[in-house]
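Worth knowing before you read on, the calculation uses all heavy atoms, side chains too, and leaves out hydrogens, waters and symmetry mates. Predicted model only: the values in this text are computed from it and were never measured. A, B, ... follow the sequence lines: proteins, then strands. Residue 1 opens every chain.
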Amino acid sequence: MTAIYKRELRSYFTSMIGCIFAAFLIVIGGIYFMVYNLNSGYPFFSYSLSGVIFMLLFSVPVLSMKSFAEERKNKTDQLLLTSPVPLFQIILGKYLAMTTVFAVPCFIYCLFPIIIKFQGNAHLLVDYSSILAFFLLGCVYIAIGMFLSSLTESPVIAAVSTCGALFLLYMLDNLLNYIPTSAISGLIVILVVLTIISAIVFQMTKNPVIAGSMEGIGFITAITIYLMKKTLFENLVPNILEHFVLTDVFYNFAQNYIFDLGGLLFYLSIIVLFIFLTIQTFQKRRWS
Amino acid sequence: MIEVKNLVKKYGSRTALDHLSFTLKENQIYGFLGPNGAGKSTTMNILTGYIGADSGEVLIHGHNILEEPEDAKKSIGYLPEIPPLYPEMTVWEYLSFAAELKHIPKKQRTKEIQKVCSLLKIEDISHRLIRNLSKGYKQRTGLASAVLGFPEIIILDEPTVGLDPKQIIEIRQFIRTLAKEHTVILSSHILAEVQEICDYILIISNGALAASGTPGHLEELAHGKESIELTIKADRSKILSVLKNISNLHRITWKHESEDSCDILIDTSTDVQRVCENISLAFAHQGIPITHLSISKTTLEDVFLELTKTVPQPKKGVKKHDRNL
């Protein structure tokens, strides 16, 4: 794992992508810092960080796009996958390299609260825990980007799809207002999701009995619950999607001054989920 | 050492490997021979655990490549069709990376890398970026990383493609020196190459093993016979009446015949020289001139072409028909 980690890290900094990524985030963070904290005199650096998050949507795809897509394009994945290194170590090595590159601007951000401190009042605890949340949020974005990169052979497609996915997640909070809240729409969404899952199960197992019975049982249960207790389905979709609003955890730290431990664990579990999914895409390619 | 059982691999509806099975022993050079698209690279990719087969299994030293990948992969060095090189690294950096991936202990790393560099004559370029290397040097760098640490099994997918003749000779010599202590598997669609280097040839056609054996054995396999080509100044009935008295003739094929001259092909299995003598003497006795006499051996090329024949095309069918007229 260390071999892959070291190679990736060196590659990010010799191919400039890592340097440009880090420099871009530092400059953007610096501009927000200058405007909000230095000029306007607002004592919380965490507020400036909220602005930088938007820039992550465009810069993370640049970092993550080549992680696996380029390896596949150049066939260098053959070297990694035929070497006696377990698959999860290969993926973890690459992932940690990316997070290390991302850690560089986060370390620089750690200087900003100290500068505020020199000028007067500073809220170091809030600022540093916000930087931690910011770092983990970035790591979640990187994990999503890495997963999407492992699905394709083209770094450009990986970058564009990551950018789209991250943008959707970022805007999710606002989009929730446009989602219908009635009970019947909740039921319809549940049934559609159920059908999609059954179709995937059928695709994987090629067994019409399992997929069919899953679909049937799910359909009947959903409709019975709907008939018996309609209120359960009200607001169902927005309520579920609300949990995927990733930025909420960060805002708890940055704007509500809450140390949201549960939120950090939520970030970590999403990271683990996407690393797991990346491993699965490789396993699938090797077994099917 | 390497056991391959009933490999099946499908790409969509196309069957790349169709129940391929073979067993390979130690310290030999094996050649996978087959036309493009026969399934050589697919087989190698499955052998090295890069892709999985739809069914069947691969055992390396008794370790299943999918169930115990680390144990199995430890004893394999692989050079894929396109060397898996990172253009932004120098040769030395790349080889150190490969050495670390192969779990070569830190203390031996420098020594091992120096060893392969000197074997493949890439010491002078070891500090250059791979991006700037010529095709030949890239191939050598790939080969160096496959050989690094000297694993017991070295798998090379078309190692000499795109090299100049001098480099081809050097690489071939290198492969031959490897075989003293390693099992080498190489693939090629160039017959002469396989014939020259390999101890044992596996001919793969349409995803299945069409034939296997030593180069000599395969040549015999084709017909097991040698044939004599003759041009005789006489008509068919006269020739037949002379040949009637000669023993050990298996089959006579009339290639071309006219009033005063016939081209024929005679198959025989025993002592071709003797049969030739008998034939020439018999015709001389009758006062019939033989204007051409030659012994033709079935070459490996004939075997190869015959075994890897795909669905007979109409053109080929006509040709065959002509021959048997």
Hey, is CZ on Phe58(A) packed in by over 12 heavy atoms from elsewhere, all under 6.0 Å?
-> yes
Verify side-chain contact (heavy atoms from CB on, under 4.5 Å) between Tyr78(B) and Leu79(A), making sure each step is shown before the conclusion.
-> CA-CA 8 Å; Tyr78(B) 180 38; Leu79(A) 175 74; over 6 Å; no
Which heavy-atom pair separates Lys73(B) from Ser83(A) by the least distance, and what is that distance?
-> CD-O, 3.5 Å
Heavy-atom distance under 4.5 Å to chain A: side chain of Leu85(B), backbone, both or neither?
-> backbone
Kindly give the heavy-atom pair with the smallest separation between Val85(A) and Glu70(B), and that separation in Å.
-> C-OE2, 4.1 Å
Side chain, backbone, both or neither: which part of Asn45(B) has an atom under 4.5 Å from a heavy atom of chain A?
-> side chain
Please look at Gln89(A) and chain B and tell me whether the side chain, the backbone, both or neither of the residue comes under 4.5 angstrom of a heavy atom of that chain.
-> neither
Heavy-atom side-chain proximity of Lys75(A) to Glu81(B) below 4.5 angstrom = no
Closest heavy-atom contact between Pro84(A) and His103(B)?
-> O-NE2, 2.8 Å
Around Phe21(A), counting heavy atoms of other residues, nucleotides and ligands shown, do more than 12 lie under 6.0 Å from its CZ?
-> yes
Is it the side chain or the backbone of Ile90(A) that comes within 4.5 Å of chain B heavy atoms, both, or neither?
-> neither
Separation between CD of Gln78(A) and OH of Tyr50(B), rounded to the nearest 0.5 Å = 4.5 Å
Give a yes or no on whether Phe13(A) atom CZ has more than 12 heavy-atom contacts from other residues, nucleotides or ligands under 6.0 Å away.
-> yes
Most contacts with chain B, counted as non-hydrogen pairs under 4.5 angstrom, among Thr14(A), Ile4(A), Leu81(A), Thr82(A) = Thr82(A)
Tell me yes or no: between the side chains of Tyr86(B) and Glu70(A), is some donor less than 3.5 Å from an acceptor?
-> no
Does a side-chain N-to-carboxylate-O contact under 4.0 Å join Glu100(B) and Lys6(A)?
-> yes
More than 12 heavy atoms of other groups within 6.0 Å of Lys25(B) NZ | no
Going by atom types only, do Ser11(A) and Glu88(B) share a side-chain donor-acceptor pair under 3.5 Å?
-> yes
Before giving the answer on side-chain contact (heavy atoms from CB on, under 4.5 Å), spell out for Arg10(A) and Glu93(B) the whole-Å C-alpha distance, their side-chain angles and the decisive distance to 0.1 Å.
-> CA-CA 10 Å; Arg10(A) 190 178 296 150; Glu93(B) 277 169 357; 3.8 Å; yes
